[in-house]
Structure formats: C-alpha cells, structure tokens
Amino acid sequence: VATAGTPLVATAAKPLRRASRRKRETLAFYGFLSPWLLGFIALSSIPLVLAFLMSLSNLTTVNLHTNLHYVGTRNYVRAYHDHEMWYSLERTGILMLTIVPLWIATQLGLAMILNASLKFLGLWRSLFYVAVIVPVVAKAFIWKALVDQDGGLLNRVLGALGFTSNTDWLLDHPTATLLMLLVWGYAGIGMLIFLAGLRGIPDELYEVARVDGASAVRRFVSITLPLLSPVIMFQVVWGIFLAANVFVEPILLSPGLTQSFGSTVPSDNIFTNLYALQRIFIDGDFGYGAAIAWIFVFFLILISALVFWSGRLWVFSGKEQYGK
Amino acid sequence: MHRAVATETAPVRRRRRRKRFTPKRLAARTLLYALVIGLAAVFVAPLVWGFFNSLREKHQGVSGPAFPSPAHESNYGYAWSGIFPFSHYLWNTIILTTLATIPAVITSAFAGYAFARLRAWGRNTLFIFMLGTTFIPFSIIFIPFFYVVTKLGMYSTRWPWLIWGIAGSAFLIFLFRQFYSTFPSELDDAAEIDGCGHVRIFLQIYLPNSAAALAVAFIWLGTGWWGEYIYASLLLPDQLLPLGVKVANYYDPTAQILLTPVTLAGALMFTLPPLLAFFLLQRKLARGIVTTGLKG
C-alpha cells in the first residue's frame, strides 16, 4: 500500500508505471462511484444541512416566500415542552425494545429449524419468506382482515380457545397489532441471513462438543451464540434502523379509512418520524418538523453508540480466524 | 479439497442412516416436521385469510363462515375496472419501479466493484459514510427533499424516482461489494497485463459472473419500489399514482365506505407480480444471500 517503499525493490522503470497505475485506479474509482457520490451529496448531505437550517427558521407553508427569518432555538425549546413529542419518543423506544428481540428470536428460531437438514428445504424457506414479498398496502389490509373485531381470524382463534373474542385490536391494542404485522412481514430477511451464518459454523465444532457430552442447550450457548454474535450484532443494528422508520404500517393500520398522514392513527402508534412528518403535512410547519427530526437523529446516534459500545462485551471477535 | 470433503462426509452419512431407525430419532424428526408444518401454516395463514375474505359479498365485512359461500369471485373483476381502471395504475407502478430499480442496480454494481477492488484515496472513509446514510431516519431527509422538489418544479412528476434510481442504493452497494470481494483478484491482474481497463474488466469479467447478486438486488429493490407507499402518496397527483397508494382507496362510490373484500382482491392482484418473480428467482435468491456474504 505504501508507495514510499516500492522504489527499494522495484527497478527504475517500475515506479513510473506504478504511479500512473495508481492514478488510473483512483480515477476509475471516483468515476465508478460518481452517480452514488452525487446522490450522496444531493440526497443525504445537503438535506441534512437544510433540515438543520429549517429548524432554526419559522418556515411554514404560509410564509414560504415572505416574512421568513431566523428564530434561533425557538423550535427546539417548543419541542422540549411538547408532551406529545416526548410521548412519540417513548413509543419509538418501546417499539425498538420489543420488536428487535422479537425479530431476532423469530429469525434465529426459523433459521435453526431450516438448518436441521430438512426435506423440501426450498419449500419451507419460501413459505417463511413469502410475507416479505407482499407489498406494504396488501400486508396492512390483510392484517386488518385478520384482526377485525367481528369475525377476524385472530378473534375467532382466541374465541375457540376460550378467551374473549371481541377485542378491537386496531383501536385498543394498536402497537400489539403492529408488532404482529412486523414480525410476520419482515422476519424472513433476517432468517436468510441467520441461515447463511449458521451454515458458516464448522460442523466439526458440534461433533467435538457432542463427543465431549455437551447437551443441545450447552452447544447452542457455547458454540452457536458466540459464533453468530457478529450476525446478531448486524441484526440488532439493522432492526433498530427498521424500527426507527416504522410509520407507513401505522398509517395504513389506522382504524377506519386510510388518511394521508394518518390523522386517525392512535397516539400509541405515532412514532417520532410520523410525528415530525405530521407537523409538516398536517400543520404545515416545516421549521418545527425539522427540529423534531433533528432531535430524533440525536437520540438515534446515542442509541447506536450505546449498541456499538456494548458490542465489545458480547460480540465474539475470534470470528476473523474463519475468514471474511 | 473436493476429495477431503468427500472422505469427511462419507462416514457422517453412514452414521445418519443408522440413526434413522432409533425410536428417539424418529420421534425427534416427527416433532421437527410437525413444528415446520405448523410454523409454515402460521406464516401462510394471513395470505389465505386475505384470499378467503376477498371472496365475500363486497359490502360485507369479514364475518360469516371462514370460507364464504357462494364465493364472489366477481370482486376481482370489480377491483379491476369497477371503481378505478386498475390497468392504468398498474402501468404507473411498472414505470415507477423500472425508473427507480434498473438504474440503481447498475450504479450500485459499479460502486460495489469500486469499493471491493479499486484502491483510491478516501475509499474507506466514503465506505463508512455510505453505510452511515442507511441510518439516517426518513423524516429528516424527506422534509428538505420535499421542499427542494417543490421549489424545482418536480412536484407531481416522476423525476424524483429516476434521481433515486441513478443515485443507487447503499444497501445494494454493500451487497455488491461483499459479493465482488470473494472474486479472486488474480483475475484483475491477468486482465490488466493484457491491457484491459477497469471498465472492461468490470463489464467482461465481473458483471457476467454476477447473476446471483443481480437476482438478489433486483428482487429486493424491485419489490420495495413496487409496494412503495409514502413517497408516491406525498409527491404524485392521482393520474400518476402507483397501485401501492391507489389500492388503499377502494371506496363504494355512493356510500363512501371502504369495500373490504374488493380492497383485498385488488391488494392480492397487486401482490401477484412480485410473488411470481420471487418464486421464479427463489433458488438464485437463497444462493445469492449465501455467496454475497451478507452474514456480516
């Protein structure tokens, strides 16, 4: 990698060729990357800065062109005193704390079952995965039919088992309904990733453990979990990101007709992303919406830092020995 | 290496065959298959339930016998043309999905190759930045994006979809980078000695060997854009809307109530194309995830 070292071993002609080769490679790298790089500047970097500038202004749909001025931290102070904003953050936190473990348990469970040398593996894998392919609108309406108060499948099953059979899931338990949908609709992706991870664990480890008389639980705790911990870390981080962006499902799962921007979403399902967007598309207040979005980013950075830091304690780093 | 694998698996197989006859193993296997069948039923049940309910009388809710009789398969015809022209919005969906998916897969493959194979100043920093973009929440990007799009006169046009397409997807770039990292780098050196430039190396050596990764990329991004709801509902006027938004509004034209069975019929018709693509590419998809090393 270090160019300074090359002349010592190279002949006189080589450094020149190396230098031009390096230059061509750099040129090719940035050429190949240019569409994404432009997108990165236009679609990620500039919006972040713009959102910050907006949050310091009184920009609304009313004063788009006139009377637009700097208002300092007014929007942030307003957010600090906004109970609904804090409630949306609390709900987002609760969603993350419930859906991430639920996803990981489901994904790992399904992957371990699929890894047990089954017949018709492709069939089972497809059946567990198929929900991921269903578009979100179809997912939501299927779910509405499933949890319907009068005659939904869930209430029918609960009734047959002797529980109450007239729960209004959409209105009274919106987050539980959402959690069920999220597990059903998105577990398949992580399942495939865990399955690939399980395939990467050498069989000999299990053989040796079995010879040593380790029980199935012991083999799971001492071999499977540590060797999968980098995959689990990946799934935790990805799950947090997915949970942070859950708001289309709540809009579509709102009781009654679908309203654009979910003015009928129960307050338990108004997560911070949706709350920020509602301030813009219901109230027309760009400045306040952007301030809430930035506050959300701040919390997400805190959470990610916490997760990555905790990784030192539980992610097994010996994995590098197996390559990748 | 192949020989080593063969000699190792032979005794294992013999041991398994002997095991199959023990009652304990038979019980364990039966239990395992019961579990798999049960779980598969749980995962498929919502779809089946959706299908059953798409066959009820169109003004009825989901009450009544689980499988409606008589079955009103006419709901599918009504969803196709009774309330809005399904084919018009289907065409919109196809256009938007194509605009956002095809360029994105191409630019992501190029970028993935660059991250995997080309050494340049700033590469690792840019890679971290790229992964970082996937963690930016939706609202903070969309709020200014909406403002700028409106200012540039691209509101209620399809331009944003093409722009997203050309910019590529960080997730796909990561996928292609992982995939191309597994290619032997001697390939590049040999090609370079023969005088091939990086564009030719990529187009003639890497791209033709990317079927598995391309299948994963197309399915993931394509199904995502096919069902996309939020961008379309906020940026497009009715005549340009994709089905992902339109299907949510199967109103009874007179009573202004949602016709649940018709909505389900429309939603299932809308689900059919990605479902077919998935089952056609299913084997490639599973292999792609293993070979792209997505495991971390």
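To find a chain, count down the sequence lines: A is the first, B the second, and so on, and within it residues start at 1. The analysis underlying the following values was restricted to heavy atoms, covering all of them including side chains, and did not include hydrogens, waters or symmetry mates.
When heavy atoms are compared at a cutoff of 4.5 Å, A/Leu27 does not approach chain B at all. Contacts of B/Ser139 with chain A are made by both backbone and side-chain atoms, with heavy-atom separations under 4.5 Å. In this structure, the portion of B/Pro65 lying under 4.5 Å from any heavy atom of chain A is its backbone and not its side chain. Neither the backbone nor the side chain of B/Leu272 comes within contact range of chain A; no heavy atoms are under 4.5 Å apart. Looking at A/Phe128, the atoms closer than 4.5 Å to chain B (heavy atoms on both sides) sit in the backbone and in the side chain alike. For B/Phe51, no part sits under 4.5 Å from any heavy atom of chain A, backbone or side chain. Heavy atoms closer than 4.5 Å to chain B are found in both the backbone and the side chain of A/Val134. Only the side chain of A/Ile280 has a heavy atom closer than 4.5 Å to any heavy atom of chain B. Interface residue A/Phe296: only side-chain heavy atoms are found under 4.5 Å from chain B. Both the backbone and the side chain of B/Leu275 come within less than 4.5 Å of a heavy atom of chain A. Contact annotation for A/Phe52: neither backbone nor side-chain heavy atoms come within less than 4.5 Å of a heavy atom of chain B. Of the two parts of A/Ala116, the backbone and the side chain both hold a non-hydrogen atom closer than 4.5 Å to a non-hydrogen atom of chain B. If you measure heavy-atom distances from A/Trp124 to chain B, the contacts under 4.5 Å come from the side chain alone. Only the side chain of B/Val148 comes within less than 4.5 Å of a heavy atom of chain A; its backbone N, CA, C and O stay farther away. Residue B/Trp226 touches chain A through its side chain alone, counting heavy-atom pairs closer than 4.5 Å. Using a 4.5 Å cut-off between heavy atoms, A/Leu300 contacts chain B through its side chain alone, with no backbone atom that close. In this structure, chain B has heavy atoms under 4.5 Å from both the backbone and the side chain of A/Val237. Of the atoms belonging to A/Leu195, not a single heavy atom falls under 4.5 Å from chain B. Proximity to chain B (any heavy atom under 4.5 Å) is shown, for A/Phe194, by neither the backbone nor the side chain. At a 4.5 Å heavy-atom cutoff, the contact between B/Ala66 and chain A is made by backbone and side-chain atoms alike.
Here the closest non-hydrogen pair linking B/Gly227 and A/Val136 is O-CG1, 3.6 Å. Counting all heavy atoms, side chain and backbone alike, B/Pro46 lies closest to A/Leu146 at CA-CD1, 4.0 Å. Taking both residues in full, the closest heavy atoms of A/Asn273 and B/Pro137 are given as ND2-CB, 3.9 Å, listed atom of the first, atom of the second, then distance. Of all heavy-atom pairs between B/Phe279 and A/Ser126, the closest is CE2-CB, 3.7 Å. Contact record, A/Ala145 with B/Trp49: O-NE1, 2.9 Å, taken as the closest heavy-atom pair.
Using bins of under 30°, 30° to 60° and over 60° for the plane-to-plane angle, the ring pair B/Phe171/A/Trp238 lands in the parallel bin. Ring orientation note: the planes of B/Tyr113 and A/Phe32 are tilted relative to one another, at an angle of 30° to 60°.
One distance of note links CD of A/Gln149 with OG of B/Ser63; it measures 11.5 Å at 0.5 Å rounding. Between A/Leu50 atom CG and B/Tyr147 atom OH the span is 8.0 Å, to the nearest 0.5 Å. Here the CZ atom belonging to B/Phe278 is positioned 6.5 Å from the OH atom belonging to A/Tyr129, to the nearest 0.5 angstrom. In this structure, CZ in B/Arg29 is found 4.5 Å from OG in A/Ser117, a value given to the nearest 0.5 Å. Atom CG of residue A/Leu33 and atom CZ of residue B/Phe115 lie 4.5 Å apart, to the nearest 0.5 angstrom. Rounded to the nearest 0.5 angstrom, A/Leu127 CG and B/Ile37 CD1 are separated by 10.5 Å.
Of the listed residues (B/Phe146, B/Phe270, B/Trp121, B/Phe52), the greatest number of heavy-atom pairs within a distance under 4.5 Å of chain A belongs to B/Phe146. Of the listed residues (A/Ala28, A/Ser304, A/Gly39), the one with the most heavy-atom contacts under 4.5 Å to chain B is A/Ala28. Of the listed residues (A/Ala51, A/Gly188, A/Gly289, A/Pro35), the greatest number of heavy-atom pairs within a distance under 4.5 Å of chain B belongs to A/Pro35. Annotation: maximal heavy-atom pairing with chain A below 4.5 Å, among B/Gly168, B/Ala248, B/Gly132, occurs at B/Ala248. Comparing A/Ile292, A/Val297, A/Ile301 by how many heavy-atom pairs each has under 4.5 Å with chain B, the most go to A/Val297. Among the candidates A/Leu228, A/Val137, A/Leu252, the residue making the largest number of heavy-atom pairs closer than 4.5 Å to chain B is A/Val137. No other option in A/Leu118, A/Ile113, A/Leu38, A/Val130 has as many heavy-atom pairs under 4.5 Å with chain B as A/Leu118.
B/Val62 places none of its side-chain heavy atoms less than 4.5 Å from the side chain of A/Asp150. At least one side-chain heavy atom of A/Leu277 sits less than 4.5 Å from a side-chain heavy atom of B/Ile143. Side-chain contact between B/Thr271 and A/Pro135 is present, with heavy atoms from C-beta onward closer than 4.5 Å. Contact of the B/Phe110 side chain with the A/Trp36 side chain is not registered, since no non-hydrogen atoms from C-beta on lie closer than 4.5 Å. Residues A/Ile142 and B/Leu47 have side chains in contact (heavy-atom distance under 4.5 Å, counting atoms from C-beta outward). Between A/Leu257 and B/Tyr251, some side-chain heavy-atom pair lies under the 4.5 Å cut-off. Residues B/Phe43 and A/Leu110 form a side-chain contact, since some pair of their non-hydrogen atoms from C-beta on lies under 4.5 Å apart. With contacts defined as side-chain heavy-atom distances shorter than 4.5 Å, the pair B/Leu126/A/Leu37 qualifies.
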Stepwise side chain to side chain contact (heavy atoms under 4.5 Å, CB included) check, A/Asp148 with B/Asn53: CA-CA 11 Å; A/Asp148 191 271; B/Asn53 282 290; over 6 Å; no
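In terms of modelled atom types and a separation under 3.5 Å, the side chain of B/Tyr33 and the main chain of A/Lys119 share a donor-acceptor contact. Looking only at distances, a side-chain donor or acceptor of A/Glu25 sits under 3.5 Å from a matching main-chain atom of B/Arg119. In this structure, the side chain of A/Asn245 engages the main chain of B/Phe138 through a donor-acceptor pair within 3.5 Å.
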